[in-house]
K.L.:
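Can you keep this structure in mind? I'll have questions shortly.
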Amino acid sequence: MGKRWCSPILGAILGAVLGVWLLLLTGSIVEAQQAAPAASNIVARGEYLARAGDCIACHTAPEGRTFAGGRAMPTPFGTLYSSNITPDRETGIGKWTAEDFYKSMHYGRFPDGGLMYPAMPFASYTKVTRADTDAIFAYLKSIPPVNQRNREHDLRFPYDNRQLILGWRTLFFSEGEFKPDPSKSAEWNRGAYLVEGLGHCGMCHSPINALGGTSQSDAFKGGLIPMQNWYAPSLTSNREAGLGDWSIKDITDLLQTGVSMRGVVYGPMAEVVHNSLQYLNDEDTRAMAVYLKGIAEGSSPPPASSALPTTESSLLISLGKTVYDKNCASCHGAQGEGKPPHWPPLANNQSIEMQSAVNPIRMVLNGGYPPGTKGNPMPYGMPPFAGLLSDNEVAAVVSYIRTAWGNRGTPVSAREANELRSAPLN
């Protein structure tokens with residue numbers, strides 16, 4: 001009789017427990033299913049933001065594993081080597097927390113509080129929001145780990161003393177997330193956030209002083225990129241790369257594809273478009289264009305006078321026309337009109353007229369290609385002429401294109417051409 005009484009009660013209890021267990025299990029499965037897309041979304045968003053920040057450019061060595069570091073970055077103070085940011089627990093950031101990663105981006109500090117060298121653009125990344133930083137970290141934690149130890153920096157004394165970074169930070173670093181300008185549109189502010197923060201455009205497009213820093217008052221005013229011998233033009237001056245008189249379409253075309261009806265990107269900027277900008281969506285690209293167009297100055301100072309004697313300048317320009325007609329006119333046109341977007345116009349081309357002639361000299365010497373992008377997968381290139389033209393001929397043709405067809409540049413010397421023959425190609 002006891003067995004008859006216990007069996008139904010026990011069955012009811014077991015059934016109730018099983019029902020609760022099934023309910024909890026079902027709830028856990030539903031929660032897991034809901035969490036999976038959320039986790040997937042944050043990783044995908046982090047990948048997009050990492051593209052916008054061009055993390056791959058520094059943290060991947062030529063022929064190296066993605067994000068495993070080891071890329072040499074020559075500076076006037078010695079050579080720095082980028083770090084491994086894969087989730088390897090021994091040699092990468094596998095033991096880091098989201099808070100550790102935020103501190104590196106926002107404050108320029110390692111998890112133990114150590115100071116990062118400002119080759120890591122934390123002066124720009126400090127403007128990135130915590131939500132975006134967390135998304136980038138989630139993405140980096142999702143990629144394959146690579147066991148590759150970081151290489152020691154090779155800096156000259158006294159720059160190998162990290163405590164000196166405290167002085168640099170006092171002079172050139174202001175921490176703080178991006179603050180929108182309430183007087184501007186949401187689109188303008190989005191563009192400012194990308195350009196000033198993740199895009200860290202000021203790292204190249206601002207003059208760098210002897211201490212390796214840039215004052216806020218000189219932001220985006222252009223400068224020579226140390227050790228690379230490329231000139232990153234001013235983004236504020238309409239005589240350089242200021243985009244005040246460009247259409248939004250021409251700007252977005254240049255950012256997304258590397259070519260537009262107004263110009264073509266070469267050198268380090270081609271790498272930025274290839275690794276980063278081509279992957280931005282149309283809304284973000286347009287926002288950047290709106291911001292860049294908005295910071296351009298309405299007027300700019302007149303070009304500097306030439307240091308060359310008038311007679312020498314006249315001879316160079318006369319010779320330059322002969323060199324141009326023979327080697328350049330077939331693509332760029334007899335009157336410098338070009339065949340845009342693939343062969344850019346040279347007449348009224350801001351990159352030709354800039355005060356610095358470094359870029360046009362390098363293009364004549366070394367040639368080059370715009371980046372291969374999804375919008376322009378088979379770009380047209382320019383052949384190098386370093387082996388065909390003498391220093392005098394290079395100086396002559398550059399002087400000619402800087403002064404012909406109404407261009408307001410100044411002539412250059414054979415010495416300037418000769419100095420750039422040994423410039424690194426990457």
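None of these values were measured; they are calculated from a predicted model.
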K.L.:
Considering only heavy atoms from C-beta outward, does the side chain of F137 approach that of D100 to under 4.5 Å?
P.N.:
no

K.L.:
Closest approach of A219 and T236, non-hydrogen atoms and distance?
P.N.:
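Closest pair (atom of A219, atom of T236, distance): O-CG2, 4.3 Å.
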
K.L.:
To the nearest 0.5 Å, how far apart are CG in L280 and OG1 in T252?
P.N.:
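Those atoms lie 11.5 Å apart.
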
K.L.:
Would a distance-only check, ignoring hydrogens and angles, find a side-chain to backbone donor-acceptor pair under 3.5 Å from N349 to P345?
P.N.:
yes

K.L.:
Taking all heavy atoms of P144 and all of T86, pick out the closest pair and write down the distance.
P.N.:
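Taking P144 first and T86 second, the nearest heavy atoms are O-CB, 3.8 Å.
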
K.L.:
Assess the side chains of R402 and T410: does a donor N or O sit below 3.5 Å from an acceptor N or O?
P.N.:
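Per modelled atom types, R402 and T410 side chains form a pair under 3.5 Å.
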
K.L.:
So for atom OH, which belongs to Y369, do other residues, nucleotides or ligands contribute more than 12 heavy atoms lying within a distance under 6.0 Å?
P.N.:
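Not buried by this count: 12 neighbours or fewer within 6.0 Å.
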
K.L.:
Using a 6.0 Å cut-off, check whether atom CZ of R65 has over 12 heavy atoms from anything other than its own residue.
P.N.:
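12 or below, so no.
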
K.L.:
For T60 and F67, indicate whether the former's side chain and the latter's backbone hold a donor-acceptor pair under 3.5 Å.
P.N.:
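The answer is yes, because a donor-acceptor pair under 3.5 Å joins these two groups.
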
K.L.:
Between T285 and D282, is there a side-chain donor-acceptor contact under 3.5 Å, judged purely by atom types and distance?
P.N.:
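Result is no, nothing qualifies.
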
K.L.:
Would you say the side chains of N147 and D88 form a donor-acceptor pair under 3.5 Å?
P.N.:
yes

K.L.:
Report yes if some heavy atom in the side chain of P371 is under 4.5 Å from a heavy atom in the side chain of Q278; otherwise report no.
P.N.:
no

K.L.:
Tell me, with the steps shown, if Y102 and W96 meet ring-ring contact (aromatic ring centres under 6.0 Å, His included).
P.N.:
CA-CA 10 Å; Y102 179 71; W96 288 27; over 10 Å; no

K.L.:
Can C201 and F220 be said to form a side-chain contact (heavy atoms from CB on, under 4.5 Å), step by step?
P.N.:
CA-CA 8 Å; C201 305; F220 302 119; 4.0 Å; yes

K.L.:
Between S83 and G69, is there a donor-acceptor pair closer than 3.5 Å when you use the side chain of the first and the backbone of the second?
P.N.:
no

K.L.:
Give the minimum heavy-atom separation between M203 and A119, together with the two atoms involved.
P.N.:
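Minimum heavy-atom separation between M203 and A119: CE-O, 3.9 Å.
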
K.L.:
Between N281 and Y48, do the side chains contain an N or O donor and an N or O acceptor separated by less than 3.5 Å?
P.N.:
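A donor-acceptor contact under 3.5 Å links the two side chains.
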
K.L.:
So, do N327 and L389 sit near enough that their side-chain heavy atoms are less than 4.5 Å apart?
P.N.:
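The answer is yes; the side chains approach within 4.5 Å.
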
K.L.:
Does any non-hydrogen side-chain atom of H205 lie less than 4.5 Å from one of P233?
P.N.:
yes

K.L.:
I'd like to know if R421 and D391 make a salt bridge, using a cut-off of under 4.0 Å between side-chain N and carboxylate O.
P.N.:
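Counted as a salt bridge, because a side-chain N and a carboxylate O are separated by less than 4.0 Å.
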
K.L.:
Measure across A98 and D134 and return the closest heavy-atom pair with its distance rounded to 0.1 Å.
P.N.:
CB-OD1, 3.8 Å

K.L.:
Using 30° and 60° as the class boundaries, would you call the ring planes of H342 and Y380 parallel, tilted or perpendicular?
P.N.:
tilted

K.L.:
Counting C-beta onward and ignoring hydrogens, is there a side-chain heavy-atom pair between T129 and Y193 closer than 4.5 Å?
P.N.:
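A side-chain contact under 4.5 Å exists here.
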
K.L.:
Can you tell me how far apart CG (L277) and CG (D284) are? Round to the nearest 0.5 Å.
P.N.:
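Separation between the atoms: 11.0 Å.
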
K.L.:
Rounded to the nearest 0.5 Å, how far does CZ of R408 lie from CD of E353?
P.N.:
6.0 Å

K.L.:
Taking the basic N atoms (NZ, or NE/NH1/NH2) and the acidic carboxylate oxygens, is any pair closer than 4.0 Å for K293 and D250?
P.N.:
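Salt bridge: no.
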
K.L.:
Going by the angle between their ring planes, with limits at 30° and 60°, are Y291 and W188 parallel, tilted or perpendicular?
P.N.:
perpendicular

K.L.:
For R286, I'd like to know if atom CZ has over 12 heavy atoms of other residues, nucleotides or ligands within 6.0 Å.
P.N.:
no

K.L.:
For a side-chain contact (heavy atoms from CB on, under 4.5 Å) check, start with the C-alpha distance between D253 and V259, then their side-chain angles and the critical distance, and finish with the verdict.
P.N.:
CA-CA 6 Å; D253 283 349; V259 298; over 6 Å; no

K.L.:
Mind checking whether W168 and F77 have ring centres under 6.0 Å apart?
P.N.:
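They do not qualify: ring centres at least 6.0 Å apart.
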
K.L.:
For R130, does its backbone N or O pair with a side-chain atom of E177 as donor and acceptor, under 3.5 Å?
P.N.:
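Side chain of E177 to backbone of R130, a donor-acceptor pair under 3.5 Å: yes, one is there.
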
K.L.:
If the threshold is 4.0 Å, N to carboxylate O, is there a salt bridge linking R45 and D132?
P.N.:
yes

K.L.:
For the pair K141 (side chain) and G94 (backbone), establish whether a donor and an acceptor sit closer than 3.5 Å, ignoring hydrogens and angles.
P.N.:
yes

K.L.:
For L166, does its backbone N or O pair with a side-chain atom of T170 as donor and acceptor, under 3.5 Å?
P.N.:
yes

K.L.:
Atom NZ of residue position K321 - does it have more than 12 heavy atoms of other residues, nucleotides or ligands inside 6.0 Å?
P.N.:
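It does not: K321 NZ has 12 such atoms or fewer within range.
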
K.L.:
If you compare all heavy atoms of N407 against all heavy atoms of I401, which two are closest, and at what distance to 0.1 Å?
P.N.:
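For N407 versus I401, the nearest heavy atoms are ND2-O, 2.7 Å.
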
K.L.:
Could you tell me whether the side chain of S318 and the main chain of L315 form a donor-acceptor pair under 3.5 Å?
P.N.:
no

K.L.:
I need the minimum non-hydrogen distance between M116 and R162, along with the two atoms involved.
P.N.:
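It is CA-NH1, 4.0 Å.
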
K.L.:
For R151, look at atom CZ and say whether over 12 heavy atoms of other residues, nucleotides or ligands are found less than 6.0 Å away.
P.N.:
no

K.L.:
Counting C-beta onward and ignoring hydrogens, is there a side-chain heavy-atom pair between I225 and P268 closer than 4.5 Å?
P.N.:
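Heavy-atom side-chain distance check passes, below 4.5 Å.
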
K.L.:
Which value, rounded to the nearest 0.5 Å, describes the distance between Y125 atom OH and T133 atom OG1?
P.N.:
10.5 Å

K.L.:
Are any side-chain N or O atoms of R71 and backbone N or O atoms of I56, one a donor and one an acceptor, separated by less than 3.5 Å?
P.N.:
no

K.L.:
Take F101 and I136, measure what side-chain contact (heavy atoms from CB on, under 4.5 Å) needs, and give me the verdict at the end.
P.N.:
CA-CA 9 Å; F101 188 72; I136 294 171; 3.8 Å; yes

K.L.:
Quick one: SG on C58 to CE on M120, what's the gap to the nearest 0.5 Å?
P.N.:
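Answer for the SG-CE pair, C58 versus M120, is 10.0 Å.
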
K.L.:
Is a side-chain N or O of R362 found less than 3.5 angstrom from the main chain of N229, in a donor-acceptor match?
P.N.:
yes

K.L.:
From E419 CD over to E416 CD, what is the distance, rounded to the nearest 0.5 angstrom?
P.N.:
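These two atoms lie 7.0 Å from each other.
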
K.L.:
Between I143 and T66, is there a side-chain heavy-atom distance shorter than 4.5 Å?
P.N.:
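They are not in contact (no side-chain heavy atoms under 4.5 Å apart), so the answer is no.
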
K.L.:
Passes side-chain contact (heavy atoms from CB on, under 4.5 Å), W230 versus N359? Steps please.
P.N.:
CA-CA 6 Å; W230 282 99; N359 294 354; 3.3 Å; yes

K.L.:
Would the distance check show the side chain of S399 and the main-chain N or O of P411 forming a donor-acceptor pair, the cut-off being under 3.5 Å?
P.N.:
no

K.L.:
Does a side-chain heavy-atom distance below 4.5 Å link M73 with S82?
P.N.:
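Heavy-atom side-chain distance check passes, below 4.5 Å.
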
